[in-house]
Trainee: 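Below is a structure I'd like to ask you about.
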Amino acid sequence: MPRKILHLDLDAFFCAVEEKSDPSLRNKAFATGGSREGRGVVTSCSYAARKYGIHSAMPMAQALRLYPDLIIVHGHFMEYRSYSKLVMRILKNLTPVVEQISIDEAFLDVSDLPSESKRIASDLQMQIYSSLGLPSSIGGASNKLVAKIATNIAKSTHTGNTYPMAIKIIPAGKEKEFLAPLPVKEMWGIGPKSDEFLNKLGIQTIRDILNFPKITLDKHFGKFADDLIRRAKGVDSRLVRDHEGIKSVSNERTFFENIREEKQLLGQIKELSEKVGKRLRKKGLAGRTIRIKIRWHGFETHTRQLTLGQATNHDSVIFSAAKELFFSIWKTGKPVRLIGIGVSKLGEDIHQLSLFNQSYIREDNLLEAIDMINKRYGDHTIRKGMKIRSDHSWKD
Ligand SMILES: [Mg+2]
């Protein structure tokens, strides 16, 4: 029996939440993130704004050039996070097999439910809409890869100012047929650089990958060529996994002599962040919660953590977060005996086929957006928003 996998993605999530608190935004072209001065990036934008070519992760300055009357709304991370939790709770009520992949996206394995995928999807969509007022789109297929692409295609063909609330189910056996005519950039894991590269080789659609001489693909993509071909056929055997059981990936270092120099301490934090990032990438994992552990001169130990909107295994993202956490507890000159960096809330690194090392553009932008909020509202805001928590019991 083929599996029944659903991929759910909330529609313009941050904007939908903002609209709930300010209904006058309805049907207007607005975006969250950045600032009026045009710094930072768009973290989410309404469908009315998308008509002008604006999309999330775009620099705000560019968005304003496209549509100078764009309304900019400051984001409310705490609210997004609590709504996200409520949505995930609804999903987990339906099936225990839920894999959250970002603040507003998750896979569900509904194979054990008797109804058809389409029925399950529309009931679920209605339940989320009626209980939380949040619109969502759902893709369904026999595997994660095709379900995710189905959601994206269903959303991208939507026009108008309203939320798409789309549902697209690809019947088992039709995976390859569904993918064949799509542009290669629709392939999950193909970023802009890979897209450009494939286009240069003459590969425009997913079908072209399958018609391309295997030997040339091998030459260019090495061990990833087989993976690419498998995906182009719509084959994906990965399970929907709840990664909450997997513990964190962390590294710590005890110093020979206590360190009190800021520069030296940051150097250590950077090295540890790189080690953790490397280990995560090696395991094909990414995590959303970054933690720092610090032991002072005695044995007194503190930990702090923050949770990002999107999972990462990028050294510089881990480092920036760890640095932020470090400065929330360290006072200049205070001698440090041990530092540990850990990443938890792990999931599969789903962003890239690992063809090229460029899966991090969005995360960098996200981080930039967080920096922006800090600059405008002071550090306190983001700490609160990002849920930095003191936890004395962190053990590896
Ligand atoms: Mg979304």
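In what follows, every heavy atom counts, from backbone to side chain, and hydrogens, waters and symmetry copies are set aside. In what follows, residues are counted from 1 in the order of the sequence shown. As the structure lists them, so they are numbered: ligands from 1, and atoms in each ligand from 1.
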Trainee: Step through it carefully: locate the ring centre of Tyr47, locate the ring centre of His158, and say whether they are under 6.0 Å apart.
Mentor: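 Tyr47 vs His158: aromatic centres under 6.0 Å.
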
Trainee: Please name all residues satisfying salt bridge (Lys or Arg N to Asp or Glu O under 4.0 Å) with Asp9, sequence neighbours left out, ordered by chain then number.
Mentor: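 Asp9: salt bridge (Lys or Arg N to Asp or Glu O under 4.0 Å) contacts with Lys155.
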
Trainee: Go through the structure and list residues passing salt bridge (Lys or Arg N to Asp or Glu O under 4.0 Å) with Glu116, not counting sequence neighbours.
Mentor: none

Trainee: Report the protein N/O/S neighbours of the Mg ion (ligand 1) that fall below 2.8 Å; do not count waters.
Mentor: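 You should have found Asp9 OD1, Leu10 O, Asp104 OD2.
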
Trainee: Charged N to carboxylate O below 4.0 Å: is that the case for Asp22 and Lys28?
Mentor: no

Trainee: Could you tell me whether the side chain of Ile167 reaches within less than 4.5 Å of the side chain of Gln125, counting heavy atoms only?
Mentor: yes

Trainee: Taking only residues two or more places apart in sequence, or in another chain, which ones meet Ala31 in a side chain to side chain contact (heavy atoms under 4.5 Å, CB included)?
Mentor: Val42, Cys45, Met60, Leu70

